[in-house]
Amino acid sequence: MRTSRRGFLKTLGGVALFSIVPRHVLGNGYIAPSDQLTKGIIGTGGMGRGHVGYAGTRLVAVCDVDKNHLELGKKLVKEKIAAYHDFRDLILDPNVDIVHIATPPHWHGIMSVEAAKAGKDIWCEKPMTRTIGEGKRVMEAVQQYGRMFRLNTWFRFTDQFYGLGTPVKPLKKLVQSGLLGWPLKVTISAHTGFNWKFFWVGKEYLEPQSVPSELDYDMWLGPAPYKPYNAHRVHQTFRGYWDYDGGGLGDMGQHYIDPVQYILGKDDTSPVKVEVDAPQQHPDAVGTWRSITYTYDDGCQIILWGGDFGDPNTPYIAGPKGNVYKNFVCDIPDWEKKLADFPEPEPQVTDFIECVRTRQPFALNERNGFRSATIVNMGAVALRLNRTLNFDPVKLEFIDDEAANRLLDQPMRAPWNI
């Protein structure tokens, strides 16, 4: 289908058109439409509309269950594009090569799996999925159907890493050099330059309201349990409810934690224990927490401090031989001179469009993205149960805890399944 669609252009008004327009005819660097990959965006709220700016592809379709958002999506480009109410229609559109998923997280798993089944490559917003079981199914489907997958957080390979004041690469080099020693303890908190955004909390009582005419609320809920509509459940404030996300942890967790997983060399495993210090969580509305501590089998730890909790003098990375503080301050004498003698980290593949063309996995893909999403979702389960949990990173299940394992794969509202 792709060769037929792209290799030849239909005649218009009986006049044959070029099937491929040489670049030198159209100008240096110009990519003919017949050569360019295409994308469709599911979810054209604020986050989704931002996806049109990711270079290298041409937007040909949008989808949203809110008519107002859909109209905004249709105006993202000057050309007329396809507009869908049901994401399945966009996924099956033969003109779409890459499906961008920018919906609330309770939809990420289903949409990613369906896109993979349909032979589409996938660019998915964080968190990768809302549960560990859904993430495992996405990973399996992407690999089963030979698709390319990109998770939309990028700090492991580009940009300044929040309060560290540096890209992640020099941190990775310092850690892998061994100058800090081992095991390491990484603290992610306001004191080390990371804000957990506790404004993403839910309201424990929501007055039922009338569903606005522009919104298909039943489709917005999809696999989530039915609960009466209230504006605070949807759009900009959905993160405050366990049915759809996990508050600030769900919003920022993969941004903050995925690079740590990479720095520590944990892309193929998960922590074996998670401990929480938090008030009892409401069953519907996400609340705040004081700390979440993850421990790996080798003794490395990732510690999250919420709000202003924790010691302001705590280093970002603490090791037996040295520490790294906010703004990339290291207390090892002459550390920069010593570090220069060590090899650079392995290069990462960071052009997703090239990955789609060459079928080479992206730097943050379904495998390592699943592992960092698992860290986030382990914390969410521990918070909801308000207790320490032990985890098997091979079997991908909690140890001797039936209630925790019930939250690995949470029931979906019919007819949805994954």
Side-chain angles (χ1 to χ4, degrees), residues 43 45-48 64-69 102-110 125-127 129-134 190 195-253 274 276-292 304-309 376-387 389 401-404 406-414 416:
M47 186 68 73
D64 205 291
V65 297
D66 185 308
K67 294 178 182 177
N68 291 344
H69 287 183
T103 64
H106 69 289
W107 271 114
H108 290 182
I110 289 175
E125 266 302 330
K126 49 75 190 169
T129 55
R130 204 187 123 261
T131 70
I132 294 171
E134 289 174 18
N195 176 5
W196 282 107
K197 296 188 178 180
F198 276 174
F199 53 78
W200 291 129
V201 295
K203 296 181 179 180
E204 295 187 4
Y205 177 74
L206 294 174
E207 187 75 31
Q209 298 174 342
S210 298
V211 179
S213 59
E214 69 271 11
L215 177 66
D216 183 343
Y217 181 56
D218 185 71
M219 191 66 167
W220 187 94
L221 286 172
Y226 178 81
K227 289 176 182 173
Y229 172 83
N230 182 285
H232 204 258
R233 284 196 176 278
V234 303
H235 296 341
Q236 291 85 0
T237 46
F238 67 83
R239 296 192 191 278
Y241 300 91
W242 293 116
D243 288 343
Y244 326 120
D245 200 356
L249 178 63
D251 180 30
M252 302 306 294
V274 56
V276 294
D277 178 8
Q280 181 64 52
Q281 298 289 307
H282 187 271
D284 182 33
V286 179
T288 62
W289 40 270
R290 290 177 287 273
S291 69
I292 306 174
L304 320 180
W305 286 101
D308 293 325
F309 291 100
V376 173
N377 288 323
M378 285 176 65
V381 173
L383 284 173
R384 296 177 73 174
L385 297 176
N386 201 23
R387 62 171 176 264
L389 302 172
D401 197 314
E402 184 179 345
R406 282 199 296 269
L407 294 176
L408 291 176
D409 283 293
Q410 297 166 41
M412 293 186 172
R413 192 167 63 106
W416 302 105

- Item | Test log, rule side chain to side chain contact (heavy atoms under 4.5 Å, CB included), inputs Gln281 and Asn386 | CA-CA 7 Å; Gln281 298 289 307; Asn386 201 23; over 6 Å; no

- Parallel, tilted or perpendicular: which fits the ring planes of His69 and His235, with parallel below 30° and perpendicular above 60°? tilted

- Residues which pass ring-ring contact (aromatic ring centres under 6.0 Å, His included) with Tyr244, listed by chain and number, not counting sequence neighbours: His106, Trp220

- Do Arg413 side-chain atoms and Pro225 backbone N/O form a donor-acceptor pair below 3.5 Å? no

- Item | From Asp64 atom CG to Met219 atom CE, the distance as rounded to the nearest 0.5 Å | 10.5 Å

- Task: Would you name the heavy atoms of Ala231 and Thr237 that are closest together and state the gap between them?
- Result: O-OG1, 3.8 Å

- What are the two closest non-hydrogen atoms of Asp409 and Gly133, and how far apart are they? OD1-CA, 3.2 Å

- Task: Sequence neighbours left out, what pairs pass side-chain hydrogen bond (donor to acceptor under 3.5 Å, both in side chains) with at least one residue falling in residues 206-215?
- Result: Tyr205-Glu207

- Query: For the side chain of Arg130 and the backbone of Asp243, is there at least one donor-acceptor N/O pair under 3.5 Å apart?
  - Reply: yes

- Query: Under 3.5 Å, is there a donor-acceptor pair between the side chain of Asp245 and the main chain of Phe238?
  - Reply: no

- Item | Partner set under ring-ring contact (aromatic ring centres under 6.0 Å, His included) for Trp305, not counting sequence neighbours | none

- Task: Please report the shortest heavy-atom distance between Ala404 and Leu389, naming the atom on each side.
- Result: CB-CD2, 3.9 Å

- Task: Work out which heavy atom in Val276 is nearest to a heavy atom in Gly379; give both atom names and the distance.
- Result: CG1-O, 4.5 Å

- Could you walk me through whether Leu385 and Leu407 pass side chain to side chain contact (heavy atoms under 4.5 Å, CB included), step by step? CA-CA 10 Å; Leu385 297 176; Leu407 294 176; 4.2 Å; yes

- Apply ring-ring contact (aromatic ring centres under 6.0 Å, His included) to Phe198 and list each qualifying residue two or more places apart in sequence or on a separate chain. Trp289

- Message: Ignoring hydrogens, what is the shortest heavy-atom contact between Ala102 and Gly48? Give both atom names and the distance.
- Response: CB-CA, 3.4 Å

- Query: Do Arg387 and Asp401 have side-chain heavy atoms sitting under 4.5 Å apart?
  - Reply: yes

- Report, as yes or no, whether the 6.0 Å neighbourhood of atom CD on Glu402 holds more than 12 heavy atoms from other residues, nucleotides or ligands. no

- Task: Flag the pair Met412 / Ile110 as yes when at least one side-chain heavy-atom distance between them is below 4.5 Å, and no otherwise.
- Result: yes

- Query: Roughly how far, to the nearest 0.5 Å, is the CG atom of Leu383 from the CD atom of Gln280?
  - Reply: 10.0 Å

- Which residues share a side chain to side chain donor-acceptor pair (under 3.5 Å) with Asp216, sequence neighbours left out: His85

- Using salt bridge (charged side-chain N to carboxylate O under 4.0 Å, His left out) as the criterion, list what pairs up with Arg233, not counting sequence neighbours. Asp284

- Under the side chain to side chain contact (heavy atoms under 4.5 Å, CB included) rule, what do Tyr229 and Leu215 come out as? Steps first, then yes or no, please. CA-CA 11 Å; Tyr229 172 83; Leu215 177 66; 3.7 Å; yes

- Candidates Thr288, Ile292, Leu249, Asp251 - the one meeting side-chain contact (heavy atoms from CB on, under 4.5 Å) with Trp196: Leu249

- Item | Passing candidate, side-chain contact (heavy atoms from CB on, under 4.5 Å) with Val286, options Trp242, Trp200, Tyr241 | Trp242

- Message: To check you understand the geometry: which heavy-atom pair defines the closest contact between Lys203 and Leu206, and what is its length?
- Response: CB-CD2, 3.6 Å

